[in-house]
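Accompanying notes for the structure given below.
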Amino acid sequence: MTRQAALFDLDGVLLDSGPAVRTALASVATCATGRRTIPADLPPDALHRPRAEILTLLGVTDPDGACARWWDGALAAALPATFPGVLTGLLALRDADVALGVVTLQDRDRLTWFLPPALTDLLDVVITRQDAPAKPAPDGLHAALARVDVLPEQAVFVGDSPGDMTAACAAGVIALGATWGWHTPAALHTAGAHHLLPDPTRIGPSLLHHLAPIPAS
């Protein structure tokens, strides 16, 4: 196994999904309470907390039931785009014969309409919460690497949450913190990030500079 791999979290790393998630939270609260809620009504840290907790703060008495009824419809109405530079960077990695994958907390059924087709076409593997225990467990990263036949020491994982960094370190891959995502650089560093990336244009072959050279055969 001499190939290298670049694995990524999805939300806040490849997809600029923060605004869509905030809009979906407001829409679900509106449907559940009968009172109009807008994204500005959400607490500033809404993306850092479980959606059920945020919906409870907004007056939703059964947040899990409300999400089961309205979440996907609300999210589908405001689908996110990839961050600028992401597709170009992934294409350059693919041209360099780097295996590309996503390890996400999203549901697999949702990804059929949530992922932009241009992104889907570039990915060799996608691991969801249905495929392996969720991050911060390392199982999803191990599953992705097994699918593409790459050793952990020849892989990087780019994530934007402390759980992402914990999962990467536990999996034995290089943990790269995406500082344009939902959590602060300090939180990523504390959770074990080996390096911090300043913006999504850093996604590309330069990610591989953080790996040890592949031994000559």
Side-chain angles (χ1 to χ4, degrees), residues 1-15 82-108 111-112 114-181 188 191-217:
M1 293 187 287
T2 59
R3 199 180 185 192
Q4 295 176 312
L7 305 179
F8 302 88
D9 180 41
L10 185 62
D11 295 293
V13 176
L14 300 180
L15 290 185
T82 55
F83 281 105
V86 161
L87 294 179
T88 300
L90 292 178
L91 184 59
L93 283 163
R94 183 162 183 166
D95 287 345
D97 195 34
V98 176
L100 301 176
V102 160
V103 181
T104 177
L105 298 180
Q106 291 282 2
D107 293 327
R108 179 161 292 280
L111 295 186
T112 59
F114 188 72
L115 280 178
L119 177 57
T120 301
D121 291 345
L122 293 173
L123 299 174
D124 297 298
V125 59
V126 176
I127 300 295
T128 71
R129 63 192 308 126
Q130 280 77 39
D131 302 312
K135 299 172 290 184
D139 304 62
L141 278 73
H142 286 153
L145 293 175
R147 297 265 187 97
V148 296
D149 199 25
V150 172
L151 294 169
E153 57 265 31
Q154 290 299 330
V156 299
F157 180 62
V158 183
D160 72 322
S161 74
D164 289 336
M165 301 299 97
T166 300
C169 292
V173 309
I174 295 296
L176 302 178
T179 61
W180 60 90
L188 299 174
H194 295 103
H195 305 279
L196 298 178
L197 305 177
D199 59 71
T201 64
R202 296 301 178 96
I203 291 175
S206 63
L207 295 181
L208 305 181
H209 296 167
H210 301 292
L211 295 174
I214 296 176
S217 57

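What you are looking at is a predicted structure, and each value in this text was computed from that prediction instead of being measured.
- The closest side-chain heavy-atom distance from Leu207 to Leu197 is below 4.5 Å.
- The shortest distance between side-chain heavy atoms of Thr201 and Phe83 does not fall below 4.5 Å.
- Contact between Lys135 and Asp164 at its shortest, heavy atoms only, is NZ-OD1, 2.8 Å.
- Leu119 is listed as a side-chain neighbour of Leu15, based on a closest heavy-atom distance under 4.5 Å.
- Closest non-hydrogen pair, Cys169 versus Ala175, comes out as SG-CB, 4.2 Å.
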Could you check Leu90 against Phe8 for side-chain contact (heavy atoms from CB on, under 4.5 Å), going step by step and ending with a plain yes or no? CA-CA 11 Å; Leu90 292 178; Phe8 302 88; 3.6 Å; yes
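- With sequence neighbours left out, Asp95 forms a salt bridge (charged side-chain N to carboxylate O under 4.0 Å, His left out) with no residue at all.
- Residues Ile203 and Leu14 are in side-chain contact: their nearest non-hydrogen atoms beyond the backbone lie under 4.5 Å apart.
- Expressed to the nearest 0.5 Å, how far NE2 of His194 lies from CG of Leu176 amounts to 9.0 Å.
- Around the CZ atom of Arg94, the shell of radius 6.0 Å holds more than 12 heavy atoms that belong to other residues, nucleotides or ligands.
- Closest heavy-atom contact between Pro116 and Thr82: CG-CG2, 4.3 Å.
- Here the OG1 atom belonging to Thr120 is positioned 4.0 Å from the CG atom belonging to Leu115, to the nearest 0.5 angstrom.
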Stepwise, does the side-chain contact (heavy atoms from CB on, under 4.5 Å) test hold for Thr104 with Leu111? CA-CA 10 Å; Thr104 177; Leu111 295 186; 4.2 Å; yes
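- Scanning all heavy atoms of the two residues, the minimum distance from Gly89 to Pro205 falls at O-CD, 4.5 Å.
- When side chains are defined from C-beta on, Asp11 does not count as touching Leu105, because their heavy atoms never get closer than 4.5 Å.
- In this structure, CG in Leu93 is found 11.0 Å from OG1 in Thr88, a value given to the nearest 0.5 Å.
- Considering all non-hydrogen atoms of both residues, Leu211 and Ala155 come closest at CD2-O, 3.4 Å.
- Side chain of Arg108 to main chain of Val126: a donor-acceptor pair is present (N/O by atom type, distance under 3.5 Å, no hydrogens or angles).
- Residues Ile127 and Arg147 meet the side-chain proximity criterion, which asks for heavy atoms closer than 4.5 Å.
- Side-chain contact between Ser161 and Asp9 is absent, with no heavy atoms from C-beta onward closer than 4.5 Å.
- Without hydrogens or angle criteria, Trp180 side chain to Pro198 main chain gives no donor-acceptor distance under 3.5 Å.
- Contact record, Ala99 with Val150: CB-CG2, 4.4 Å, taken as the closest heavy-atom pair.
- Within the model, atoms CZ of Phe157 and CD1 of Ile174 stand 13.5 Å from one another, a figure rounded to the nearest 0.5 Å.
- Distance check: Asp121 CG to Leu100 CG gives 12.0 Å after rounding to the nearest 0.5 Å.
- No side-chain heavy atom of Val173 sits under 4.5 Å from any side-chain heavy atom of Leu7.
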